[in-house]
2 protein chains.
Amino acid sequence: MVITLADVAKRAGVSRSAVSRTYTEGASVSDKTRSKVMKAARELGYTPNIIARSLATSRTQLVGLVINNFQNPIFLEVLDQFTRLLQERNLRPLLVNLSDNPDPADSVEMLRQYRVDAVIVASSTLPPACSLAFKEVGLPVINVFGRYNPTPDVHVVGIDNQHAGAMAARTLHSRGYRALGFLGGPERATSTQDRLKGFKEGLKSLKLKTSCVHYADNYSYETGYAAMKELLATQQFDALFCGDDVIGMAALGAARDAGISIPKDLGIIGFNDMEMSSWQAFGLTTISQPITDICNSTVELLGNLLENPERGAETRLFPCKVIERDTLRKS
Amino acid sequence: MVITLADVAKRAGVSRSAVSRTYTEGASVSDKTRSKVMKAARELGYTPNIIARSLATSRTQLVGLVINNFQNPIFLEVLDQFTRLLQERNLRPLLVNLSDNPDPADSVEMLRQYRVDAVIVASSTLPPACSLAFKEVGLPVINVFGRYNPTPDVHVVGIDNQHAGAMAARTLHSRGYRALGFLGGPERATSTQDRLKGFKEGLKSLKLKTSCVHYADNYSYETGYAAMKELLATQQFDALFCGDDVIGMAALGAARDAGISIPKDLGIIGFNDMEMSSWQAFGLTTISQPITDICNSTVELLGNLLENPERGAETRLFPCKVIERDTLRKS
DNA sequence: TTTGATTTTGCAACCGGTTGCAATGCAAAA
DNA sequence: TTTTGCATTGCAACCGGTTGCAAAATCAAA
């Protein structure tokens with residue numbers, strides 16, 4: 001037997017509206033009524049039914065949180081931040097795993113059925129069409145870690161991957177490396193493409209050419225290790241820009257196994273600055289994304305979006321930073 | 001302008017009930033009516049409102065997923081599995097981050113307000129009282145990675161930590177180590193306590209005593225590293241059972257830095273078999289929990305629980321397994 | 001064709017809240 | 001004391017579905 005508004009109203013000797021109003025921010029209720037209601041509610045153990053409220057207000061306070069990468073530990077941090085920030089704003093994350101099927105249609109339908117107030121798509125590997133699909137059914141959507149688009153059709157918060165690629169090129173060059181290779185994540189990921197593009201352009205402006213380009217199909221150690229072995233067997237290079245720290249660490253492992261001296265004979269720079277890159281077993285020099293800034297900005301933008309859903313699409317880019325460790329020669 | 005049941009009904013020339021029934025599993029509708037409705041719905045772009053349905057049926061298909069450990073990468077895998085398994089059953093995970101505030105009261109209230117059908121508390125560090133709090137307000141709850149309790153008041157799915165501790169003791173002993181130490185995770189975590197208890201009992205039946213006992217306050221590398229350094233400075237031992245792989249890897253790092261030969265002069269066994277323990281930079285011998293079995297079993301139990309919420313509390317324990325790598329001598 | 005059993009259908013009440021509107025109460029101003 | 005203005009209150013309709021029940025339709029058997 002569950003307690004409803006009406007029960008509380010009866011016990012407090014007021015109307016149902018009065019009860020509703022004491023639970024509504026900024027509604028007009030006298031202190032006297034409010035305290036009568038509170039008392040009755042406490043005595044009965046009343047808990048407002050948000051589902052019913054959602055129906056009436058057509059606001060659920062639910063936010064779809066779409067993720068497709070449960071391999072990369074960086075996303076655990078992302079989840080941590082998002083859940084915290086959303087909780088602070090009284091928003092609730094409905095988690096969606098898009099790993100196996102990159103076709104968002106089902107998820108779109110599902111989140112629509114739940115009438116979520118907005119959607120966060122956190123992925124650098126999902127195609128832009130995915131976020132668009134949400135927008136097309138009228139759901140406010142933010143693509144975090146998405147691709148920069150000069151004429152955006154969907155809100156994007158993240159980094160400028162091209163710029164980061166150029167930064168990697170300049171950094172390697174400044175340490176005296178000259179034969180620079182690229183070992184990216186999945187080739188189809190826009191983040192990979194953009195980083196490579198920026199890397200190449202960076203090299204060009206330094207009058208250099210990319211020594212080799214190779215990809216790891218996913219962000220696992222094995223894949224990265226195998227890719228690096230192949231690279232070592234077939235290519236010449238004295239420094240490597242890796243599309244992710246996991247791959248960077250795998251490359252580091254493979255190089256060490258091949259007896260290559262790091263950073264003397266080979267320099268490696270990773271991407272993401274995950275927790276364990278700092279462990280002294282690796283000491284991987286890497287480029288970090290300002291995850292905290294990105295997540296904060298996303299949720300803040302989300303807040304604005306809920307006030308004004310028609311707000312035009314914008315792009316928010318944050319600068320990356322080189323994290324100095326032991327896999328590059330000192331400049 | 002959003003399309004409702006009534007709109008579809010009007011266009012299809014049937015009653016609202018008919019529309020509702022075509023969207024309800026196992027309801028009685030003729031094929032003719034059903035197809036008329038489907039056609040109208042398609043033409044109008046109708047999406048049923050699950051919130052309204054939830055209100056009417058008092059079933060939301062929402063499941064609270066409570067996590068408090070966003071540091072340990074193992075939980076990313078857990079999240080991956082749970083989201084997948086829940087999705088398969090048309091259940092939706094509402095993610096709750098209990099990191100900062102271990103007092104579950106707010107979360108209980110929130111999940112209650114959303115009328116979630118059930119709650120999964122996935123944690124080995126939260127006190128049992130936390131899961132109980134959910135039960136007390138009438139929410140079916142399963143504590144995953146929880147503590148074994150011979151007279152359980154809450155459903156528990158996980159491993160027998162005591163048994164695992166004994167397994168660690170036997171394993172170290174069988175490799176010829178005799179001065180066995182324990183470096184656990186947070187002391188207050190029941191999993192830590194139980195593993196230590198089992199470890200001690202295992203030693204006792206081998207006529208040995210624990211050489212030293214120490215704890216790391218959390219599951220981070222730094223903390224583990226510092227704890228290990230202290231241990232090395234103050235204690236004598238030739239093998240160490242670590243409460244978690246992160247700590248194990250930190251211990252490994254600290255030992256190497258101290259110039260200790262592993263596994264010859266010091267054996268280390270970890271816990272959890274996380275992805276990177278297998279990386280050849282570590283090759284950490286460890287004890288693995290059968291995460292997949294545990295998650296499967298949890299969701300299956302959850303399914304049963306939804307059918308019959310009054311089902312008595314049960315405990316489901318799965319066996320752990322030693323994963324042989326390079327940080328123990330061969331037997 | 002009639003009868004009885006079985007499906008299918010629509011009506012209307014209900015799920016548990018919110019909110020516009022008119023009525024009421026109350027205090028300050030006239 | 002009467003009037004005016006504002007804060008409070010309750011009524012009743014509404015949000016978008018589900019479902020028990022009785023009536024209508026369908027089907028098979030007689």
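Computed from a prediction, not measured in an experiment: that's the story for all the values here. A, B, ... follow the sequence lines: proteins, then strands. Residue 1 opens every chain.
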Notebook entry, point to check: Through what angle, rounded to 10 degrees, does the axis of the helix from C/dT1-D/dA30 to C/dA30-D/dT1 turn between its ends, using five pairs per end?
Noted result: 40°
Item checked: Min side-chain heavy-atom separation A/S297-A/F318 under 4.5 Å -> yes
Margin query: Under 4.0 Å, counting only non-hydrogen atoms across every strand here, what does A/V19 touch: a base, just sugar-phosphate, or nothing?
Written below: nothing
Next item on the list: Before accepting this row, confirm whether a basic side-chain N of the pair B/D117/B/R59 lies closer than 4.0 Å to the acidic partner's carboxylate O.
Entry: yes
Notebook entry, point to check: Would A/R34 and A/T22 satisfy side chain to side chain donor-acceptor pair (under 3.5 Å), going step by step from the backbone distance to the final call?
Noted result: CA-CA 6 Å; A/R34 159 168 285 119; A/T22 82; 5.5 Å; no
Check: With a 4.5 Å heavy-atom cut-off, do A/D100 and B/R84 have their side chains touching?
Finding: yes
Margin query: Nearest 0.5 Å, please: how far is CZ in A/R188 from CG in A/L126?
Written below: 9.5 Å
Next item on the list: Please name all residues satisfying side-chain hydrogen bond (donor to acceptor under 3.5 Å, both in side chains) with B/E136, sequence neighbours left out, ordered by chain then number.
Entry: none
Checklist line | Strand-adjacent residues in residues 45-56 of chain A, judged by heavy atoms under 4.0 Å from DNA chain D | finding: A/L55, A/A56
Margin query: Any base atoms under 4.0 Å from A/S28, or only sugar-phosphate, or nothing? Heavy atoms, all strands.
Written below: base
Checklist line | Bounds of contact between DNA chain D and chain B, in 5' to 3' order, using a heavy-atom cut-off under 4.0 Å | finding: D/dG16 to D/dC21
Item checked: Along DNA chain D (nearest heavy atom to each residue), the more 5'-positioned of B/I3 and A/S30 -> A/S30
Note to self: Using a 4.0 Å heavy-atom cut-off, does A/T33 contact any base of the nucleic acid, only the sugar-phosphate backbone, or nothing at all?
What the structure shows: sugar-phosphate
Check: Sub-3.5 Å donor-acceptor pair from the side chain of B/T24 to the main-chain atoms of B/A27, do we have one?
Finding: no
Check: Any chance CG of B/D31 has more than 12 other-residue heavy atoms, nucleotides or ligands included, within less than 6.0 Å?
Finding: no
Item checked: B/R115 or B/R34, whichever maps to the more 5' nucleotide of DNA chain C -> B/R34
Margin query: What I'd like to find out is whether the side chain of A/N97 reaches to under 4.5 Å of the side chain of A/F70, using heavy atoms alone.
Written below: yes
Margin query: Under the side chain to side chain donor-acceptor pair (under 3.5 Å) definition, can you give me all pairs with a residue in residues 85-96 of chain B, not counting sequence neighbours?
Written below: B/N90-B/R92
Item checked: Residues within residues 8-18 of chain B bordering DNA chain C, heavy-atom distance below 4.0 Å -> B/V14, B/S15, B/R16, B/S17, B/A18
Notebook entry, point to check: B/S107 and side chain to side chain contact (heavy atoms under 4.5 Å, CB included): which partner among B/N68, B/V96, B/V121?
Noted result: B/V96
Check: Taking all atoms of both residues into account, what is the closest heavy-atom pair of A/T315 and A/N149, and its distance?
Finding: OG1-O, 3.7 Å
Item checked: Between CD1 on residue B/I51 and CG on residue A/L62, distance to nearest 0.5 Å -> 6.0 Å
